[in-house]
Amino acid sequence: MAPARKKPHELRSHLWFGVKDLRAFGHRSRTLQMGYAREDFAGKPVIAIINTWSDINPCHAHFRVRAEEVKRGVWQAGGFPLEMPAISLAEPFQKPSTMLYRNLLAMETEELLRSYPVDGAVLMGGCDKTTPALIMGALSMNLPAIYVPAGPMLRGNWHGEPLGSGSDSWKYWAELRAGTIDEKEWQEVEEGIARSYGHCMTMGTASTMTSVAESLGLTLPGAASIPAPDANHARMATASGRRIVGMVWEDLKPSDLLTGAAFDNAITVIHALSGSTNAIIHLIAMAGRAGVALSLGRFDELARVTPVLANIRPAGDKYLMEDFYYAGGLRALLANLKENLHVDCMTVNGSTLGQNIEGARTYDEDVIRPRANPVSSSGGLAVLRGNLAPDGAVIKPAAAEARLLKHTGPAVVFRDYNDMAARIDNEALAVDENSVLVLQSAGPLGGPGMPEWGQLPIPKKLLKKGVRDMVRISDARMSGTSYGACVLHVAPESHVGGPLALVRDGDMIELDVAARKIEIKVSPAELERRRGEWKQPDMPYGRGYGALYAKHITQANHGCDFDFLHYGPATPDPEIH
Ligand code: FES
């Protein structure tokens with residue numbers, strides 16, 4: 001049965017353009033002022049193209065051109081496209097952390113859609129936080145919306161060897177510090193690691209979150225895997241522009257797609273990709289906007305039954321997103337994962353997830369593994385609990401040296417990032433390969449903005465001995481391109497007095513991933529005594545966005561959204577006077 005179709009006078013934009021009053025006269029005359037003819041917009045769905053292009057965002061450098069390609073599709077389908085720029089969260093440049101601003105972009109997206117005559121939205125993002133932010137905002141506004149992912153950049157190249165975003169930065173930085181490569185070689189790596197526009201091409205946060213968007217049904221099938229410079233990417237952008245017009249007429253909204261089952265699909269895909277730990281925070285925040293109950297525990301339940309099928313770095317041993325695309329892309333992975341998925345979930349193209357993956361084939365079974373030969377049979381991510389993290393912590397076991405997944409060692413504590421930077425390479429630091437490195441004051445409030453400091457550097461003197469992984473614990477996040485036995489997102493964070501704040505040098509800490517345990521071997525009485533001595537560090541913000549952030553940010557296990565942005569009664573549309 002064909003979906004019901006709206007009438008032009010039922011469009012939201014009709015209230016701005018279609019009525020007979022002085023205000024509508026103003027809206028029409030000012031649209032005509034821009035050179036549009038009456039027939040360009042009269043009775044047509046207005047499509048906002050929320051574009052996170054910026055001169056400072058290399059991952060979105062192609063978005064000016066892509067926005068034009070989206071517009072072409074909107075025009076073809078009988079819509080009226082209007083590009084609306086929104087803040088670009090450029091991971092390499094924005095400080096102290098793009099995470100501080102994820103909720104700002106989400107608010108901007110929501111309010112752009114609410115305050116203007118918009119019927120549907122094309123969301124253009126890809127660099128880490130832009131994907132969750134755009135989706136969170138669109139979810140709260142709940143107008144028809146389709147996601148256009150930026151696409152991964154081409155693989156890096158150095159002396160004929162592929163280089164992976166982030167992962168090889170950490171790797172060769174460690175080699176430089178260990179003295180195994182020289183400054184000239186380091187500069188060559190710098191010149192070869194990012195060769196085109198597009199987001200990071202490892203299975204970092206960007207690739208994970210765009211795959212999440214597709215798994216949630218928010219992109220056209222196959223969209224998330226297309227490399228940014230590929231001509232197929234431009235065609236996908238235009239096709240998305242065409243499709244959003246149909247979605248408006250059908251009134252197909254995010255709330256029709258983002259059900260509990262769709263979130264389960266997204267979590268399953270994160271595990272099968274051995275995706276970024278950041279995705280856990282973002283998915284909980286997105287579910288919070290959708291009114292879907294989602295706890296850390298659900299990630300662990302699904303991790304235990306989901307095989308890792310994507311052999312992509314950093315969890316995989318050699319492949320990158322370009323290889324993943326040529327091997328069949330996300331559709332092929334979804335097809336291999338079919339029995340773990342709710343295939344009846346609806347998607348933006350009006351078909352179910354199951355219909356969208358029909359006929360998908362894998363062209364390289366070393367890159368996208370069949371179920372019979374997974375990268376690992378379970379455990380892309382694991383959720384830990386214990387007296388050090390009563391509200392949970394996470395680890396990516398597949399990216400850690402296996403010997404460290406069950407480990408007890410003495411803590412070496414850094415009270416904040418500067419303390420760590422000042423002492424980590426000091427020859428006098430009392431540390432060996434069995435030590436557990438602990439970083440405090442790196443959480444949502446302590447960072448602030450929960451920066452990606454969770455992959456603490458290995459002390460130089462241990463690097464020289466050949467040590468490349470150690471247990472590291474913090475309330476920070478970690479780049480999805482990072483690797484190592486890093487326990488992250490410890491909640492509650494140290495800044496609010498979580499047990500992490502009470503750890504002292506020499507305390508024995510036990511990590512047992514199989515038992516999902518993270519414990520500090522200190523008596524409750526001693527921890528209470530230390531709590532009595534503990535003083536909360538100051539927050540740097542007395543005013544502005546930072547002060548708003550400090551007042552309303554939630555902890556990692558609640559998704560780090562602002563408390564006042566969670567799902568609630570619908571915000572009314574503005575009155576048009
Ligand atoms: Fe933009 Fe990695 S820096 S996705």
Side-chain angles (χ1 to χ4, degrees), residues 51-64 66 86-102 105 123-135 147-156 162-173 189-214 219 223-230 233 270 273 275-279 281-282 312-315 320-322 324-325 330 396 399 449-455 476-483:
N51 190 354
T52 51
W53 173 88
S54 162
D55 258 338
I56 201 160
N57 195 336
C59 307
H60 298 181
H62 52 316
F63 269 5
R64 274 179 158 172
R66 289 290 177 276
I87 184 173
S88 195
L89 311 179
E91 199 63 31
F93 296 104
Q94 196 166 32
K95 308 297 175 194
S97 160
T98 49
M99 189 62 183
L100 190 77
Y101 297 105
R102 183 199 64 184
L105 174 55
L123 311 169
M124 297 181 62
C127 191
D128 289 21
K129 316 300 179 292
T130 56
T131 300
L134 289 162
I135 293 174
Y147 194 73
V148 171
M153 68 176 94
L154 298 177
R155 36 168 123 74
L163 289 176
S165 315
S167 302
D168 277 319
S169 316
W170 324 125
K171 178 177 158 189
Y172 287 106
W173 176 238
V189 170
E190 197 169 284
E191 287 155 14
I193 200 164
R195 295 195 300 127
S196 78
Y197 47 75
H199 62 67
C200 291
M201 71 338 225
T202 34
M203 186 45 71
T205 305
S207 303
T208 306
M209 290 310 300
T210 55
S211 301
V212 160
E214 181 167 336
T219 75
S225 316
I226 309 171
D230 194 300
H233 194 271
I270 292 168
L273 295 169
S276 166
T277 44
N278 284 323
I281 297 178
H282 298 320
I312 305 176
R313 295 179 65 197
L320 297 166
M321 286 301 287
E322 200 178 333
F324 185 62
Y325 178 60
L330 190 67
K396 192 170 178 178
M450 211 178 173
E452 293 185 336
W453 297 336
Q455 185 196 28
R477 294 176 300 113
M478 171 173 95
S479 164
T481 62
S482 300
Y483 50 87

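Counting starts at 1 for both ligands and their atoms, in listed order. Atom set for the values below is all heavy atoms of this structure, side chains included, hydrogens, waters and symmetry mates excluded.
With contacts defined as side-chain heavy-atom distances shorter than 4.5 Å, the pair Tyr483/Lys171 qualifies. Counting only heavy atoms from C-beta outward, the side chains of Met201 and Leu154 never approach each other to under 4.5 Å. A 4.5 Å side-chain heavy-atom check between Val212 and Ile270 finds at least one atom pair inside the cut-off.
Using modelled atom types, one finds a donor on one side chain and an acceptor on the other under 3.5 Å when comparing Arg477 with Ser97.
Residue-and-atom listing of protein N/O/S atoms under 2.8 Å from atom 2 (Fe) of ligand 1, sorted by chain and number: Cys200 SG.
In terms of the side-chain hydrogen bond (donor to acceptor under 3.5 Å, both in side chains) criterion, residue partners of Thr131 (sequence neighbours excluded) are, by chain and number, Tyr147.
By the 30° and 60° cut-offs, the orientation of the rings of Tyr197 relative to His62 is parallel.
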